[in-house]
2 protein chains.
Amino acid sequence: MKDENSITVYDIADEAGVSVSTVSRVLNNSAPVKEKTRARVIKVMDKYNFQPNALARSLSKKRTKTIGFILPDITNPFFSEVYVKAERAALDLGYSIFLSNTMNDSEVESIYLKTLVEKQVDGIIFMGGRANETRTDAAFAEEMKVIMKKTPIVMINGEMEGVDCYRVKTDEADGFRKGLNYLLSLGHKEIALVGGIKGITSTDIKLDIFSQYVESAQIETKEEWIIESGYSIEGGYEALKQLLSLADLPTAIIAINDFIAIGVVKAAKEMGLQIPQEVSIIGFDNIYLTTIVLPAITTISHNYQELAAKAVNIIDGINNNQVYEKEHFFDSELIIRESSIGLMKME
Amino acid sequence: MKDENSITVYDIADEAGVSVSTVSRVLNNSAPVKEKTRARVIKVMDKYNFQPNALARSLSKKRTKTIGFILPDITNPFFSEVYVKAERAALDLGYSIFLSNTMNDSEVESIYLKTLVEKQVDGIIFMGGRANETRTDAAFAEEMKVIMKKTPIVMINGEMEGVDCYRVKTDEADGFRKGLNYLLSLGHKEIALVGGIKGITSTDIKLDIFSQYVESAQIETKEEWIIESGYSIEGGYEALKQLLSLADLPTAIIAINDFIAIGVVKAAKEMGLQIPQEVSIIGFDNIYLTTIVLPAITTISHNYQELAAKAVNIIDGINNNQVYEKEHFFDSELIIRESSIGLMKME
DNA sequence: TCTCTTTATGGAACCGGCTTCATTTTATAT
DNA sequence: ATATAAAATGAAGCCGGTTCCATAAAGAGA
């Protein structure tokens, strides 16, 4: 008897007195096998606890049932929440996922990209980092294009100039409007927009909508109330301090994302500003942290589940010769919690 | 010219006028190649943007440069923070990681285990879930043993009865003593222990130490102050409510982990109990959430970096025929923040 | 210039599956 | 029982690398 750890189809075939073709057939149910023969083969497989070597299979099938997922930082709940949904969808379809944290290091990003391609992944899902900068360096776009010839790339909530990959995304414009409309419905008119970085898709979209509301006079704002302070808790923290140094405050703040909103809440608490009694605030993304801070933050929720599942489905589909649209939008939803209240109730 | 997406060493060899052996040599630097020849081969490779197929390489080398990482939930910062460190260590050694979220579903866990083995990973890192239940079902232990014959398994901060895999772990006993000693040094004596589940290693260790302190009369506690309420924020939340229903309160609470501590803080805020003025609290793990709540939570920090790196190094080493101890301990550190203050200052 | 090494290179088998095509076996119809 | 169609199985090559072994080329010493 051979070393039990390297049993191959040949060993199984030998002992069962059949050919490897037959073993392969029972393994994959790829063609009819007489019941008696099948039973015999299975018995031998069980005896040795046979597990086929996926490398060999993938090599010949040219499919690995593997997906690469690239994101900047999995400890960031915004990314991890999409990731787990994607992983679940992948599991259902029999895929495993190589997770690649780039930590926003473009060199690391390139290394991972290269590795994933060498490992013959069936597709790559890209989220955040360089993948959602509106403008990107030409070299990187070129890199992506070369990969796309061979491996489908799906971008989640991102857009990359000059790269025509698949994109699944929340309709952020619509979601942002939902947030704004909610504030308006509460009677707010003097609104600040906090957070973001110009040149990043998710910021640009929101800035744009905000301007439209201002132009149509639905919102009254001031230049100093639009604070471009990134995407982090610290960014929100600093922004509120900055706001508090001004002569007059808005009655409501809409944050670029939940981290910013959380930072604002944290700063408010430290500086004795009451939320929502003195200022209402609304976030974006509905990461679970919004429920553990006090007050829990009203926010806009993505359809994580659908979004992630779609990304995975596209990759699976492409590998089965299906054809997909390049762009797919998903709904968002207003999640009302405690950080925003009607203007009347305030103060 | 062939389809540019499936260039092989044979194509390179042809065009460069050498044999595949030579191409392989320049690819791996596995044997000397005359400078002129090497240059010629590299030139052709560059021309076609050649990327070797890692499947084929792994098949023949019997090494995949791939690690499987199994944990219950990557959205949980406790796990994700270790994960990213492991991923970084892996990247440095040229490994990719298959991340597998089990969501505590043992069926999913088994599927992943099977898949990872079929994909021929060079090793599996296991964290949480069934992997740290002191007692586990025999079938699962058996499953693990079969895998271990072929694939090294490293457990992080876990222990599984009857499974003699590699283990890297924080010295939780020592860490917990650090926490307890700190509270004592602040003058606390009446202390509650909140959270955990008996039968899980990290709980059992702490309960044990706590008892020792009680027996040696360093701590005065009551039966009702020891509340086994799991590992979640909700668990901490409920536990504090329970404590508040009692006739008398401890002056300090030591939580099984940071989530519990955060839940306690949240409940305290809602119920008007001042922390740390009325009760001090200390957590365990040093997840980053401890810094975003108010008051920021005093806690015990693991040496994530070292822990994760060790797990990866062991797998890499075993694959290079090195020999390692089965168990490796790492230091912890007391992180003093604002949730605990001296007994004198309280009230 | 002619052995004797040393260094470079090529040929072919191998890693462990899958798949096409040919062949044998079995079932169906006459 | 015989011709014919259908089902089951086997043989061999392929997927794309690596590596051992043998041969050829280059360099060293006499």
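Order of the sequence lines fixes the chain letters, A, B, ..., with proteins taken first and strands second; residue numbering starts at 1 for each chain. Values in this document were obtained by computation on a predicted structure and should not be read as measured data.
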> Between atom CE in B/Met45 and atom P in D/dG16, what is the gap in whole Å?
Replying inline: 15 Å
>> Expected output is a numbered-order residue list: members of residues 17-26 of chain A with a heavy atom under 4.0 Å from any atom of DNA chain D. What is it?
In response: A/Gly17, A/Val18, A/Ser19, A/Ser21, A/Thr22, A/Arg25
>> Ring-plane angle category for A/Phe98 and B/Phe98, please: parallel below 30°, perpendicular beyond 60°, tilted otherwise.
In response: parallel
> Just how far, in rounded Å, is P of C/dG16 from OH of A/Tyr48?
Replying inline: 16 Å
> A/Leu27 has an atom CG; how far is it from atom C1' of C/dG17, in whole Å?
Replying inline: 9 Å
> Would you call the rings of A/Phe69 and A/Tyr83 parallel, tilted or perpendicular, where under 30° means parallel and over 60° means perpendicular?
Replying inline: perpendicular
>> Distance criterion of 3.5 Å, no angle test: do you see the side chain of B/Tyr10 paired donor-to-acceptor with the base of D/dG17?
In response: yes
> Which atoms form the tightest heavy-atom contact between A/Thr115 and B/Ser96, and what is the distance?
Replying inline: CG2-OG, 3.3 Å
> NA contact type, B/Ser30, heavy-atom cut-off 4.0 Å: base, sugar-phosphate, or nothing?
Replying inline: nothing
> Rounding to a whole Å, what distance do you find between A/Lys34:NZ and D/dA6:C1'?
Replying inline: 14 Å
> How close or far is atom P of C/dG10 from atom CG of B/Asp14, stated in whole angstroms?
Replying inline: 11 Å
> Who are the side-chain hydrogen bond (donor to acceptor under 3.5 Å, both in side chains) partners of A/Ser58, not counting sequence neighbours?
Replying inline: none
>> If the threshold is 4.0 Å, N to carboxylate O, is there a salt bridge linking B/Lys114 and B/Glu118?
In response: yes
> Are more than 12 heavy atoms from other residues, nucleotides or ligands located less than 6.0 Å from atom NZ of A/Lys326?
Replying inline: yes
>> Return the CZ to CE distance between A/Phe126 and A/Met144, rounded to the nearest 0.5 Å.
In response: 4.5 Å
> Among C/dA8, D/dT9, C/dT9, which nucleotide sits nearest the side chain of B/Pro32?
Replying inline: C/dA8
> Listed in order of residue number, which residues of residues 55-66 of chain B have a non-hydrogen atom at under 4.0 Å from DNA chain C?
Replying inline: B/Leu59, B/Ser60, B/Lys62
>> I need the CD1-C1' distance between A/Ile7 and C/dC15, as an integer number of Å.
In response: 15 Å
> B/Val154 and B/Lys310: side-chain contact (heavy atoms from CB on, under 4.5 Å), yes or no, with the steps?
Replying inline: CA-CA 9 Å; B/Val154 180; B/Lys310 190 66 186 185; over 6 Å; no
>> As an exercise, state the distance from CE of B/Met148 to CG of B/Asp164, rounded to the nearest 0.5 Å.
In response: 5.5 Å
> Within this structure, what is the CZ-to-P distance between B/Arg40 and C/dA8, rounded to whole angstrom?
Replying inline: 14 Å
> CG of B/Asn28 versus P of D/dG16: gap in Å, rounded?
Replying inline: 17 Å
